[in-house]
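Taking it in order: structure first as structure tokens, then the write-up.
Heavy atoms only: backbone and side chains are in, while hydrogens, waters and symmetry mates are out. In this text, all values refer to a predicted model and were calculated from it rather than measured experimentally.
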Amino acid sequence: MDIDRCRALIYAIDTGSLSAAAGKLNITTSGISKMMSTFEHEIGFELLYRNRGGVIPTKKCLDILPSIRQLVEQNEMCDKLVETISEQPQGRIKIGCAHHAYLSWLGDITKEFQKVYSKIEIELIHDYSSNLLKSVENHEIDACIISKREGNHKWIPLYKDELVAWVSENHKLAKKNSISIEQLKKSLLSQPMLVRIQIMLESLKNIT
């Protein structure tokens with residue numbers, strides 16, 4: 001399969017539009033339309049349903065889409081390896097992030113990274129954790145910063161931060177220099193209005 005056609009198909013599906021996909025590839029809409037027609041003729045069945053609202057993948061297209069994504073990903077990995085050997089790294093990295101608090105920090109890291117690797121394009125995507133994990137599994141993005149989920153995935157802890165609790169001076173925990181999360185949770189159980197904080201404490205333990 002032609003890698004450029006595979007990449008064009010992925011862009012068309014991800015954006016839902018041939019014109020938007022053409023913009024990403026820096027080609028004309030008619031050009032990508034011809035690529036898709038040639039691709040469909042090559043494999044012997046329709047890949048996209050076309051209508052005024054854009055394009056959507058056919059059932060047969062969805063069946064082979066994971067393999068096409070993997071093919072494009074492997075090609076990009078090969079290109080990156082060649083670039084690394086030639087000491088001229090370039091390419092595209094897609095990173096998903098589910099937590100607003102990390103976006104600014106991630107943006108700063110991206111800027112510093114691109115000062116060293118100016119030819120590498122980094123795309124940051126914000127979405128829910130479950131959606132981003134599915135995107136990683138489908139080879140749509142390279143990595144994501146999300147709360148931990150079940151499954152056979154590689155998790156890398158990013159940062160250890162101190163958790164600070166504010167209580168009134170009359171609270172039974174006020175005189176303690178430090179408290180455990182379990183102690184704080186037990187204290188919250190007697191205060192229904194703070195149940196949301198208890199849920200937040202649980203999520204903080206899982207952020208990876």
Side-chain angles (χ1 to χ4, degrees), residues 1-36 38-39 47-48 54-55 57 65-149 151 153-161 207-208:
M1 287 186 180
D2 183 87
I3 291 295
D4 290 336
R5 292 173 192 158
C6 290
R7 186 177 289 110
L9 175 65
I10 290 172
Y11 283 159
I13 292 172
D14 289 348
T15 61
S17 165
L18 288 179
S19 58
K24 282 180 170 287
L25 294 168
N26 293 318
I27 61 176
T28 63
T29 302
S30 61
I32 194 173
S33 181
K34 289 178 181 178
M35 287 178 70
M36 292 300 94
T38 302
F39 200 175
L47 294 168
L48 299 171
V55 294
L65 185 58
S67 297
I68 290 177
R69 288 189 186 279
Q70 193 168 12
L71 179 63
V72 172
E73 181 185 33
Q74 291 296 324
N75 180 75
E76 291 179 351
M77 288 176 62
C78 183
D79 287 344
K80 289 174 184 177
L81 180 59
V82 171
E83 290 154 7
T84 300
I85 294 173
S86 65
E87 298 183 350
Q88 295 180 349
Q90 56 184 326
R92 181 185 298 103
I93 300 173
K94 292 185 178 181
I95 303 173
C97 183
H99 307 285
H100 284 285
Y102 289 99
L103 289 175
S104 177
W105 168 72
L106 194 55
D108 292 339
I109 291 177
T110 297
K111 290 178 182 177
E112 292 301 314
F113 178 87
Q114 290 186 309
K115 287 180 181 179
V116 180
Y117 302 101
S118 59
K119 293 184 178 181
I120 296 180
E121 177 187 346
I122 298 180
E123 182 179 352
L124 301 181
I125 301 166
H126 180 255
D127 204 343
Y128 294 110
S129 292
S130 55
N131 293 341
L132 291 174
L133 183 58
K134 186 177 293 184
S135 293
V136 170
E137 293 172 340
N138 291 336
H139 306 284
E140 296 170 8
I141 62 177
D142 299 291
C144 59
I145 300 175
I146 62 174
S147 54
K148 197 169 184 179
R149 298 289 196 272
H153 307 100
K154 182 178 180 181
W155 298 96
I156 303 174
L158 295 180
Y159 187 72
K160 290 185 177 180
D161 199 5
I207 291 178
T208 303

Minimum heavy-atom separation for [X] and [Y], please, with both atom names.
X: Cys6; Y: Ile68; value: CB-CG2, 3.7 Å
X: Ala12; Y: Leu48; value: CB-CD1, 4.3 Å
X: Tyr128; Y: Ala98; value: C-CB, 4.2 Å
X: Leu71; Y: Ile3; value: CG-CD1, 3.8 Å

For Lys134, is there an ion pair with Glu137 - N to carboxylate O distance below 4.0 angstrom? no
Aromatic rings Tyr102 and His99: how do their planes relate, parallel, tilted or perpendicular, breaks at 30° and 60°?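 Because their plane-to-plane angle is over 60°, the rings of Tyr102 and His99 count as perpendicular.
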Please identify each residue that fulfils salt bridge (charged side-chain N to carboxylate O under 4.0 Å, His left out) with Asp2, with sequence neighbours left out. none
Using salt bridge (charged side-chain N to carboxylate O under 4.0 Å, His left out) as the criterion, list what pairs up with Lys154, not counting sequence neighbours. none
Just by distance, with hydrogens left out, do Ser17 and Thr15 show a side-chain donor and acceptor under 3.5 Å apart?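 No - no donor-acceptor pair under 3.5 Å links their side chains.
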Checking side-chain polar atoms at under 3.5 Å, does Ser147 have a donor or acceptor matched by the opposite partner on Arg149?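 On atom types as modelled, these side chains qualify, holding a pair under 3.5 Å.
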Evaluation steps, side-chain contact (heavy atoms from CB on, under 4.5 Å), between Asp4 and Arg7: CA-CA 5 Å; Asp4 290 336; Arg7 186 177 289 110; 3.5 Å; yes
Would a distance-only check, ignoring hydrogens and angles, find a side-chain to backbone donor-acceptor pair under 3.5 Å from Ser33 to Thr29?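 Between the backbone of Thr29 and the side chain of Ser33 there is no qualifying donor-acceptor contact (under 3.5 Å).
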Between the main-chain N or O of Lys94 and the side-chain N or O of Asp142, is there a donor-acceptor pair closer than 3.5 Å?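 Yes: the side chain of Asp142 pairs with the backbone of Lys94.
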CG-CD1 distance between Leu106 and Ile145, expressed to the nearest 0.5 angstrom: 4.5 Å
As a test of understanding, state which of Glu73, Gln70, Arg69, Gln74 forms a side-chain hydrogen bond (donor to acceptor under 3.5 Å, both in side chains) with His139. Glu73
Taking the side chain as every heavy atom from C-beta outward, state whether Tyr117 and Ile93 have any atom pair closer than 4.5 Å. no
